[in-house]
K.L.:
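Dropping the structure in here first, questions after.
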Amino acid sequence: MSLKVYNSLSRQKEIFTPINAPYVGMYVCGPTVSGESHLGHARPFITFDVIYRYLMYLGYKVRYVRNITDAGHFEEEGREAEDKISKKAVLEKLEPMELVQKYTNLYHWAMSRFNNLPPSIEPTATGHIVEQIEMIKKIIADGYAYEANGSVYFDVDRYNTDFSKLGKPYGMLSGRNLEDQLDTTRELDNQEEKRDKNDFALWKSAPPEHIMRWNSPWGEGFPGWHIECSAMSSKYLGEEFDIHGGGMDLQFPHHECEIAQSTVCNHKTPARYWLHNNMITIQGKKMGKSYNNVIKLTELFSGDSPILEQAYSPMTIRFFILQSHYRGTLDFSNEALQASEKALKRLWEAYEWYSKQSINEGSAASDPGLNEKVQKLVTEFDEFMNDDFSTAKVLANMFELSSVINSIKDKHISENAMSGQTALLLQKQLKAYLEDVFGLIGERASDNGQLDGILQLLISIRKDAKSKKDFMTSDKIRNELAALGVQLKDEKDGGTSYNFN
RNA sequence: GGUCCUGUGGCCGAGUGGCUAGGCAGAGCUCUGCAAAAGCUUCCACAGCGGUUCGAAUCCGCUCGGGACCUCCA
């Protein structure tokens with residue numbers, strides 16, 4: 001069974017066929033590092049990380065390119081005013097690259113806490129000014145852009161007229177007609193320079209106060225937002241590559257503009273499959289700066305926000321996101337995240353216990369019915385993922401499997417119920433999926449021999465007390481450890497295990 | 001105004017016309033010195049009204065509600 005992905009371009013699920021198997025090129029729009037990432041940003045990066053991981057699980061050799069937008073308007077809130085006052089003091093001035101560095105570091109930190117694999121290439125817009133200028137020159141030469149007062153604009157109308165004839169009208173990705181666009185009287189910079197309201201900037205002339213600026217054939221300025229992705233994707237993935245991903249809110253105009261720019265330059269639609277993740281909402285509304293309802297990742301991890309009842313770990317958030325399908329909206333609430341936290345814990349404990357069991361490979365199944373059920377549940381992992389990455393369904397199967405595992409642990413089900421082969425398959429696939437594909441990791445305190453020794457000592461003291469029916473002492477140990485966040489559990493086999501909360 | 005998406009039980013969420021989603025929460029039972037955890041059982045559902053069909057949460061229409069994009073936006 002082959003992988004099917006929902007292609008925004010065709011609005012349907014299509015069989016995924018790489019241009020150059022086993023190689024796959026994937027480009028995902030990264031962050032603008034002018035501020036802190038919030039929960040909404042986590043979704044695409046986790047979603048496409050899982051897609052990246054799954055493609056590798058399928059055996060593809062993937063080049064994953066995710067950019068960092070570090071050019072454009074760079075101002076930090078609250079710092080702009082000071083800047084104007086202390087223009088002469090270099091160190092007190094707003095230094096854009098300082099902001100870029102700060103938020104890039106923070107972003108990388110968050111990505112690693114989520115256990116997202118680093119992309120193969122993470123190019124920056126400022127590192128590719130030359131490529132962007134070359135591309136703009138080419139678009140002008142072909143007659144699809146014009147200069148006005150040191151800025152360059154893309155001629156959308158001309159593009160649309162010419163390329164509609166080739167079946168590639170402007171708006172083909174987001175499914176809209178130019179005529180239908182809302183006729184706005186919006187306050188945008190230098191709007192009057194444009195020949196048409198739909199035209200977008202390829203290069204912007206920098207006003208004197210704009211600090212980020214580069215030389216260009218059209219004077220000092222900075223690149224428009226859309227051109228960087230076209231320049232960097234074609235540089236690293238070629239004129240035509242396999243997958244282009246990003247948030248749904250980027251579909252228009254960002255991706256539409258990318259298509260137009262690249263099509264003019266390379267005469268090809270840049271990507272074959274366009275994948276878009278949906279938004280994270282909060283009380284039904286999109287989480288976004290303009291709605292004033294964002295929860296920053298640092299707040300989420302620390303619990304330091306009036307919206308949050310507690311802190312949520314990176315893995316809880318990752319799991320929360322995997323429990324829904326990436327193309328649907330996902331509603332944030334404390335209740336929902338708390339549910340995810342508990343669910344993940346239950347699943348992970350079953351997984352960890354089972355992964356330590358030694359299995360007799362040659363043993364036969366004493367309960368063929370159960371054996372078959374387990375096999376089906378495990379085999380379906382691939383089927384569900386092949387159906388446009390249905391992570392939620394895989395997790396549902398895993399919960400059914402963890403019930404089976406827990407029953408084996410509690411000896412309600414014989415350990416020989418399934419065959420050795422099935423048991424090994426289960427072990428293998430749980431690991432492959434939970435760790436390699438879903439990218440989940442155990443969050444318990446790192447292995448610490450001293451700590452473990454101390455806890456084992458307490459456990460043995462408690463055991464002695466229990467055997468003397470000194471429940472005062474045994475309960476004291478258990479309760480006070482619980483207050484410290486260490487939970488003791490008396491297991492069926494007479495031993496005691498511990499867990500960090 | 002245009003283009004779309006969406007409405008599933010207390011909450012979050014899968015659902016390809018016929019077969020249990022799953023998780024969390026609630027109730028009961030088992031296990032336990034007591035817990036915790038786990039297991040078993042159980043309660044609660046497809047916005048409303050029509051239509052198509054032997055059969056619809058799933059297709060069509062209407063009504064009502066929610067949301068996204070058209071502007072920087074993951």
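Naming: A, B, ... by sequence-line order, numbering from 1 per chain.
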K.L.:
Within the 4.0 Å heavy-atom criterion, would you say Asn277(A) contacts the bases, only the backbone, or no part of the nucleic acid?
P.N.:
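Here Asn277(A) touches the bases of the nucleic acid.
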K.L.:
Is Arg113(A) close enough and on-axis enough to Phe301(A), meaning under 6.0 Å and within 45°, for cation-pi?
P.N.:
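Judged by the rule (NZ or CZ under 6.0 Å from the ring centre, within 45° of its axis), Arg113(A) counts as positioned above Phe301(A).
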K.L.:
Return the nearest nucleotide to the side chain of Arg478(A); candidates are A74(B), A38(B), G33(B).
P.N.:
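The listed nucleotide nearest to Arg478(A)'s side chain is G33(B).
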K.L.:
Provide the Watson-Crick or G-U wobble partner of G55(B), both distances under 3.5 Å; none if there is no partner.
P.N.:
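With both distances under 3.5 Å required, G55(B) matches none.
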K.L.:
Just name whichever nucleotide pairs with U3(B), Watson-Crick or G-U, keeping both distances under 3.5 Å, else none.
P.N.:
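Paired with A68(B).
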K.L.:
How would you label the contact of Ala396(A) with the nucleic acid (heavy atoms, under 4.0 Å): base, sugar-phosphate, or nothing?
P.N.:
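Touches a base.
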K.L.:
Taking atom C1' in both A57(B) and C49(B), compute the distance separating them and give it to the nearest angstrom.
P.N.:
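Pairwise C1' distance, A57(B) against C49(B), rounds to 16 Å.
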K.L.:
If I pick the C1' atom on A45(B) and the same atom on G22(B), what distance separates them, to the nearest angstrom?
P.N.:
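Result for the C1' pair: 15 Å, nearest Å.
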K.L.:
Locate the shortest heavy-atom distance separating Ala148(A) from Glu193(A); write the atom from each residue and the value.
P.N.:
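Closest approach of Ala148(A) to Glu193(A), heavy atoms only: O-OE1, 3.6 Å.
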K.L.:
Please report the distance separating the P of G26(B) from the corresponding atom of C62(B), rounded so that it comes out in whole Å.
P.N.:
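43 Å, rounded to whole Å.
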K.L.:
When the ring planes of His255(A) and His276(A) are compared, do they come out parallel, tilted or perpendicular, using 30° and 60° as the limits?
P.N.:
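Geometry flag for His276(A) against His255(A): tilted rings.
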K.L.:
With a 3.5 Å limit on both atom pairs, tell me what U42(B) is paired to, counting Watson-Crick and G-U wobble, or say none.
P.N.:
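Base partner found: G26(B).
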K.L.:
Using the rule for Phe, Tyr, His and the six-membered ring of Trp, do Phe45(A) and A74(B) stack at under 5.5 Å and under 30°?
P.N.:
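The ring of Phe45(A) is not stacked on A74(B).
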K.L.:
When rounded to the nearest Å, what value does the distance between C1' atoms of C43(B) and C11(B) take?
P.N.:
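15 Å, rounded to whole Å.
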K.L.:
Tell me, please, whether Phe45(A) has Arg66(A) positioned over its six-membered ring: NZ or CZ under 6.0 Å from the ring centre and within 45 degrees of its axis?
P.N.:
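Yes, Arg66(A) lies over the aromatic ring of Phe45(A).
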K.L.:
With nearest nucleotide decided by heavy atoms, which residue, Ser324(A) or Phe319(A), maps closer to the 5′ end of RNA chain B?
P.N.:
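Comparing both residues, the 5'-ward one is Ser324(A).
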K.L.:
For atom C1', what is the distance between U63(B) and G13(B), given to the nearest Å?
P.N.:
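Approximately 27 Å lies between the C1' atom of U63(B) and that of G13(B).
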